[in-house]
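Heads up: the structure comes next, in structure tokens.
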Amino acid sequence: MYRTTEYITFNPIFYNHRMVKPMMIVFFAFCFVLLAACSSISPMPSRTTTAPEKNFKAELPKKTQVFATPEKIEAVSPHEAYQYRLGPGDFVNILVWHRPELSQENIVVSPDGFITVPRVGSINVINRTPEEVQNMITLKLENLYIKPEVTIRVHEFHNNKAFVLGRVSKPGVINFPGKGTLLEALALAGGLPTDQTKENALTKCAIIRGNDTVIWIDLQDLLKNGNMALNSPIRNNDVIYIPEATDELVYVMGEVVTPGAIQIRGEMNVLKAIMLAGGMNKQANPEKVFIVRQQSLKGDVIKVDLRNLLERGDFSQNFSLLSNDIVFVSPSGMAKFNYALEKLLPSLNVLSLGTTTAESFGIMAKLRSQLWGQSGFVNTNTGVTISTGTTTTTGTSTATGTTGQ
């Protein structure tokens, strides 16, 4: 006579068929919670009726600024002999010889350009030379006096001015003591602000004259190279504008040490932009560097082989960059493979965690029994499958067996 003895050292729920189905439900609910935790914000595209000024519009590239040549500056500069002309704010002295009752000092030219002269009244002097005003007053006094001798002397000059705006220490109105030039205007405006660094030095400026003339001056060529042909004469009421240094940027992206926006300082090319971004990292592919330049709503993409430049000294593709250009350094093939593995491994870890949890609750053993007729469980510590039956397998847990008596 034989007696069968069962030795069970693991969770008895493994053999409770009535508990398997609820546990499977709990397991799949646990997996669902894990997947839900991996979800991210995903906005849904939608459009509403808005005012035309609030519609989405693509930003078109700005016009490329062309610096004026010395010939163009010469063409727009005055060639006639310089003569000062009176304007609002000037202080004028009128002297009439042997007629102290007609003489006056510090007469201010009114904003509309008039001055008041005894026995003559108001006369318009705006944009007239002192000699022309002197002749006007003499002609009117000749009707009252015999050969009057009139002298006009400008005591303070305020109609030889320019407006300096933008990145200077003292923006505002400046007055020239004589003929004004661009360098004199920048000096009177204080030059570069004291809180600016050498990297933000003055690079360009615009002279706005009248309603239809804009002259862009290359200050790098004027100041660093000493090209005095660019030192343009300044006319009365000219506007001199020095743009901010951060107005012109190039964008370096991809496999560089510090991707981001880089300020254009003087001449900017591909190699200089990449080095200012920290250089290429170990995952970069120097054979595939791209320049993206917007032309209108579409742009051009140019491929640059930096390996050819570095190995053979071929600078033919070291192109000059313009404002808002994009430089993209592509990753190598191995970098792409490593990136794919990096994104895949967390998902595999989640699957491994799920199967391990199911094995500990006996759910996987039940599935193996129903699908393949196998019995037992997998020891998650050693990876050894423990089977049940007449033959026992050595492991960390003991299976059921049959003993005789």
Side-chain angles (χ1 to χ4, degrees), residues 70 72-165 168 170-190 207-213 215 217 228-241:
K72 182 178 179 179
I73 294 176
E74 179 68 20
V76 298
S77 299
H79 296 87
E80 65 273 8
Y82 178 75
Q83 287 184 307
Y84 182 77
R85 297 183 178 274
L86 297 175
D90 283 343
F91 286 78
V92 180
N93 295 338
I94 301 177
L95 303 176
V96 182
W97 190 62
H98 283 180
R99 298 291 180 182
E101 71 277 10
L102 299 179
S103 300
Q104 278 190 321
E105 294 184 355
N106 295 331
I107 302 175
V108 181
V109 180
S110 65
D112 54 356
F114 284 85
I115 62 173
T116 302
V117 182
R119 303 298 301 273
V120 174
S122 297
I123 59 174
N124 189 351
V125 300
I126 194 168
N127 289 329
R128 300 182 187 273
T129 64
E131 184 179 358
E132 292 173 347
V133 175
Q134 177 179 309
N135 293 334
M136 289 173 57
I137 296 175
T138 301
L139 186 63
K140 291 181 178 294
L141 289 178
E142 282 179 346
N143 297 327
L144 303 173
Y145 302 94
I146 299 173
K147 295 182 179 181
E149 296 183 15
V150 180
T151 302
I152 299 296
R153 182 181 301 164
V154 182
H155 182 64
E156 291 186 14
F157 297 87
H158 292 283
N159 198 41
N160 195 24
K161 62 182 181 297
F163 305 91
V164 183
L165 307 175
V168 289
K170 298 182 292 184
V173 182
I174 58 172
N175 291 280
F176 299 107
K179 293 182 180 180
T181 63
L182 176 59
L183 287 180
E184 188 176 1
L186 295 178
L188 290 173
I207 301 174
I208 305 171
R209 181 169 297 164
N211 297 325
D212 55 0
T213 303
I215 308 167
I217 304 296
M228 297 305 295
L230 301 179
N231 188 22
S232 173
I234 302 299
R235 289 184 176 181
N236 187 40
N237 292 323
D238 277 355
V239 177
I240 303 172
Y241 172 67

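What you see is a predicted model; the values in this text were computed from it and never measured.
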We want to know whether N236 and Y84 form a side-chain donor-acceptor pair, criterion being a heavy-atom distance below 3.5 angstrom. no
Check whether any side-chain N or O of Q134 sits under 3.5 Å from a backbone N or O of V150 as a donor-acceptor pair, and report yes or no. yes
I'd like to know if R85 and E132 make a salt bridge, using a cut-off of under 4.0 Å between side-chain N and carboxylate O. yes
For side chain to side chain contact (heavy atoms under 4.5 Å, CB included), just list the numbers for F91 and E105, CA-CA rounded to whole Å, side-chain angles, deciding distance to a tenth of an Å, and then say yes or no. CA-CA 8 Å; F91 286 78; E105 294 184 355; over 6 Å; no
Spacing of CG belonging to N237 relative to CZ belonging to F163, to within rounding of 0.5 Å: 5.0 Å
Any sub-3.5 Å donor-acceptor pair from N159's side-chain atoms to L86's backbone N or O? yes
For a 4.5 angstrom cut-off between non-hydrogen side-chain atoms, does V109 reach V125? yes
The single option from I174, D238, V239, L188 that satisfies side chain to side chain contact (heavy atoms under 4.5 Å, CB included) with V164 is I174
Report the C-alpha distance between S77 and K72 in whole Å, list the side-chain angles of each, state the deciding distance to 0.1 Å, and finish with yes or no for side chain to side chain contact (heavy atoms under 4.5 Å, CB included). CA-CA 9 Å; S77 299; K72 182 178 179 179; over 6 Å; no
Are the side chain of D90 and the backbone N or O of V92 linked by a donor-acceptor pair below 3.5 Å? no
Interatomic distance, CD@E184 vs NZ@K179, rounded to 0.5 Å, equals 12.0 Å
With sequence neighbours excluded, tell me which residues meet side-chain contact (heavy atoms from CB on, under 4.5 Å) with Q104. I107, P118
Please examine the side chains of L165 and I240, heavy atoms only from C-beta on, and report whether any two atoms are closer than 4.5 Å. no
Show, in sequence, the C-alpha distance, side-chain angles and deciding distance for V117 and I94, and conclude whether the side chain to side chain contact (heavy atoms under 4.5 Å, CB included) test is met. CA-CA 8 Å; V117 182; I94 301 177; 3.6 Å; yes
Decide yes or no for E142 and P148: does some side-chain heavy atom of the first lie under 4.5 Å from some side-chain heavy atom of the second? yes
Could you tell me if the side chain of R209 sits less than 4.5 Å from the side chain of S232, heavy atoms only? yes
Heavy-atom closest contact (I234 atom, A162 atom, distance): CG2-CB, 3.8 Å
With no hydrogens and no angle check, is any side-chain donor or acceptor of N93 less than 3.5 Å from a backbone partner on H155? no
Just how far is it from atom CG of L139 to atom CD1 of I137, taken to the nearest 0.5 Å? 11.0 Å
If I take atom CZ from residue F176 and atom CG from residue N160, how far apart are they, to the nearest 0.5 angstrom? 7.0 Å
For the CD atom on E131, are there more than 12 heavy atoms of other groups (residues, nucleotides or ligands in this structure) within a distance under 6.0 Å? no
Rounding to 0.5 Å, atoms CD1 (I217) and CG (N231) come to a distance of 9.0 Å
Please tell me if the side chains of S110 and I115 come closer than 4.5 Å, counting only heavy atoms from C-beta onward. no
Check: V96 main-chain N/O paired with S103 side-chain donor or acceptor under 3.5 Å: yes
CG on L141 to CE on M136, rounded to 0.5 Å: 11.5 Å
